[in-house]
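The chains referred to below are lettered A, B, ... by the order of the sequence lines, with proteins before strands, and numbering in each begins at 1. Side chains are part of it too, since the values below use all heavy atoms of this structure and drop only hydrogens, waters and symmetry mates.
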Amino acid sequence: MTARMDKRFADLAAEGRPALVTYFMGGDPDYASSLEIMKALPKAGADVIELGMPFSDPMADGPAIQLAGQRALAGGQTLAKTLQMARDFRKDDDATPIVLMGYYNPIYIYGVDRFLDDALEAGIDGLIVVDLPPEMDDELCIPAVAKGINFIRLATPTTDEKRLPAVLKNTSGFVYYVSMNGITGSALPDPSVIGSAVGRIKAHTGLPVCVGFGVKTAEHARAIGASADGVVVGTAIVNQIASSLTADGKASAATVAGVETLVMSLASGVRASRLAAAE
Amino acid sequence: MNQPINLNSFREGPDEDGRFGIFGGRFVAETLMPLILDLQAEWNKAKTDPAFQAELKDLGAHYIGRPSPLYYAERLTQHLGGAKIYFKREELNHTGSHKINNCIGQILLARRMGKTRIIAETGAGQHGVASATVAARFGLPCVVYMGATDVERQAPNVFRMKLLGAEVKPVTAGSGTLKDAMNEALRDWVTNVDDTYYLIGTAAGPHPYPELVRDFQAVIGQEAREQILAAEGRLPDMVIAAVGGGSNAIGIFHPFLDDKDVQIVGVEAGGKGLDGEEHCASLTAGSPGVLHGNRTYLLQDADGQIKEGHSISAGLDYPGIGPEHAWLHDTGRAEYVPIMDDEALEAFQLLTKLEGIIPALEPSHAVAEVIKRAPKMRKDQIIVMNLSGRGDKDIFTVGKILGMEL
């Protein structure tokens with residue numbers, strides 16, 4: 001598996017705090033602004049970057065991320081350009097793990113082998129592909145793992161004890177626990193419920209467990225981070241970008257700065273969130 | 001056309017992973033996987049449960065009005081001067097189309113699974129009306145997702161759904177048509193997994209939907225096969241049906257797939273022509289991809305982004321097609337051809353005038369193909385066409401195009 005991901009989580013474990021995993025949509029609202037946002041993330045305190053690959057029909061996402069994808073596509077973003085964005089980012093930062101997140105069809109059309117080669121070369125550390133459950137592992141997961149790219153799986157409240165082993169089987173890098181049944185950007189459930197769910201997953205795997213769906217503030221990040229190895233923030237960042245745009249949808253001076261401020265705040269949340277001594 | 005491959009049977013799919021060749025599968029978010037596996041387990045039990053089959057049959061006979069007639073279209077046959085034309089009259093079913101066959105079957109499954117809320121997506125509104133109908137019949141609340149564009153152009157069906165007690169939710173995301181309604185229904189399902197049953201209207205989506213929708217619709221072909229044998233003492237030379245997602249077509253095709261001498265023709269919406277962007281001919285002009293839980297032929301760009309379809313008929317306005325059709329296309333067992341908006345419109349008018357049957361715009365595409373083919377065939381040859389829905393819902397659309405005051 002790629003060294004960057006494992007090293008990052010090992011370092012954070014040594015430091016005794018959870019990771020801040022930040023999602024944004026590649027190419028939203030345009031390539032140059034989006035690359036600036038990406039570069040700003042680690043500087044503001046993000047530990048892992050999820051780089052969204054826009055798709056016309058994002059079935060598991062809420063309106064915020066769907067609109068971000070539409071803005072990116074309208075701005076000319078393609079899978080090739082998303083890979084180029086990672087490549088450009090890697091010129092200055094060879095330590096922050098990058099996870100590509102999106103849907104399978106653009107990858108399938110790009111060609112699985114060609115995609116994996118290009119992703120590896122661009123410095124991609126992991127993939128989250130929402131519409132590829134374990135039953136579809138032959139499509140992308142197994143070829144990715146064979147090439148040394150982590151395949152990060154989503155576990156959800158519907159993933160029961162019987163199903164967890166199948167979900168975890170070919171997972172690497174970390175496990176992404178989706179804290180509720182629903183789409184991205186919904187309300188955050190009770191942190192104690194999340195804590196017990198994280199415990200349930202950790203009984204089956206030694207991989208770090210990151211929790212997402214509904215985290216919006218530093219306080220959320222602190223509360224979730226008490227039990228999880230990482231806190232994923234997506235919709236809040238995407239909304240921050242959306243609110244900074246000009247009336248005709250262009251980036252403004254506040255676009256990158258707004259993301260920086262939000263991520264710094266979230267980063268203070270995870271840094272206030274010491275993991276239990278048992279960890 | 002593809003070179004037909006030799007198989008012992010074309011009726012054995014899908015395999016246990018829901019695949020028809022490379023098509024089909026279960027490309028869904030993890031949240032939905034346990035539900036889909038539950039549905040499959042329940043479906044496997046129901047298929048062989050005599051009580052389930054008996055209830056299905058009883059509702060078919062007394063609620064839907066089955067069997068639907070197989071009608072010899074004498075005047076159209078004489079007018080075209082070639083093959084004898086028979087219509088399978090699915091437009092006479094309760095609610096006016098074949099959609100009810102599937103809805104009755106699935107609501108019985110939903111009830112077996114203890115689900116208490118029904119959601120559905122709809123394009124033309126026929127499936128929405130059928131879903132709202134069975135939800136009313138079984139006393140379950142029903143939410144129908146419908147693209148905002150379709151809500152506007154299918155106003156009579158929207159009103160019907162509301163009368164039946166369903167909540168119609170217009171979808172403005174994306175282009176506001178059927179694919180966006182399907183995205184929104186999937187989002188609802190993923191949020192309300194415990195109590196909600198997703199009643200998919202076409203033979204597409206993640207396994208087991210393509211299989212179970214086909215099996216509920218296959219009653220069309222089973223009856224048609226018996227009826228044509230009774231009427232003519234032999235099988236037809238050709239079976240024709242319109243294909244959007246493909247449920248009425250797979251319903252009539254499936255029982256004939258192993259009758260090697262029966263030619264199978266699916267008719268796609270060619271819209272304003274295949275040269276431009278405004279059509280819905282996924283098989284003739286698309287390529288394989290993954291959307292809405294299955295691998296199938298899709299209208300998409302070079303980056304794998306799904307394109308908007310266009311058709312005069314809202315029911316064919318979907319950029320994909322059921323995975324079994326994709327497989328029948330690639331194996332060469334069935335042939336798929338496009339029919340343009342204006343051809344469908346002419347066929348709509350011709351059938352209305354010659355036979356006194358106002359067809360929906362969806363099967364009007366199939367009628368247009370019959371008009372092309374029948375004159376080239378001998379008089380002793382037989383075509384069976386699935387007349388899948390009635391055109392009452394479309395008279396406003398047609399009136400507008402023809403510049404008639406309503």
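Side-chain atoms of B:Glu16 and B:His207 include no donor-acceptor pair closer than 3.5 Å. Side-chain contact, B:Gln106 with B:Tyr197: a donor N or O sits under 3.5 Å from an acceptor N or O. Defined by atom type and a distance below 3.5 Å, a donor-acceptor pair is missing between the side-chain atoms of A:Thr22 and A:Glu50. For the residue pair B:Arg26 / B:Gln40, a side-chain donor-acceptor distance below 3.5 Å is found, with atom types taken as modelled. Side-chain atoms of B:Tyr198 and B:Asn192 include no donor-acceptor pair closer than 3.5 Å.
Each of B:Val190, B:Leu37, B:Leu32, B:Leu298 has some count of heavy-atom pairs under 4.5 Å with chain A, and the biggest count is that of B:Val190. Your options are A:Ala60, A:Gly62, A:Pro106, A:Ala80, and the one with the most heavy-atom pairs under 4.5 Å with chain B is A:Pro106. Of the listed residues (A:Val130, A:Asn105, A:Ile109), the one with the most heavy-atom contacts under 4.5 Å to chain B is A:Asn105.
If you look at A:Tyr177 and A:Phe213, their ring centroids are not closer than 6.0 Å.
There is no contact between B:Ala185 and chain A, counting heavy-atom distances below 4.5 Å. When heavy atoms are compared at a cutoff of 4.5 Å, A:Tyr104 approaches chain B solely by way of its side chain, counted from C-beta outward. Looking at A:Ile107, neither its backbone nor its side chain comes within 4.5 Å of chain B, counting heavy atoms on both sides.
Of residues 284-294 of chain B, those residues with a non-hydrogen atom less than 4.5 Å from any non-hydrogen atom of chain A are, in numerical order, B:Pro288, B:Gly289, B:Val290, B:Leu291, B:His292.
The backbone N or O of B:Asp194 lies less than 3.5 Å from a partner atom in the side chain of B:Lys115, making a donor-acceptor pair.
Between A:Pro157 and A:Arg200 the shortest heavy-atom distance is O-NH2, 4.3 Å.
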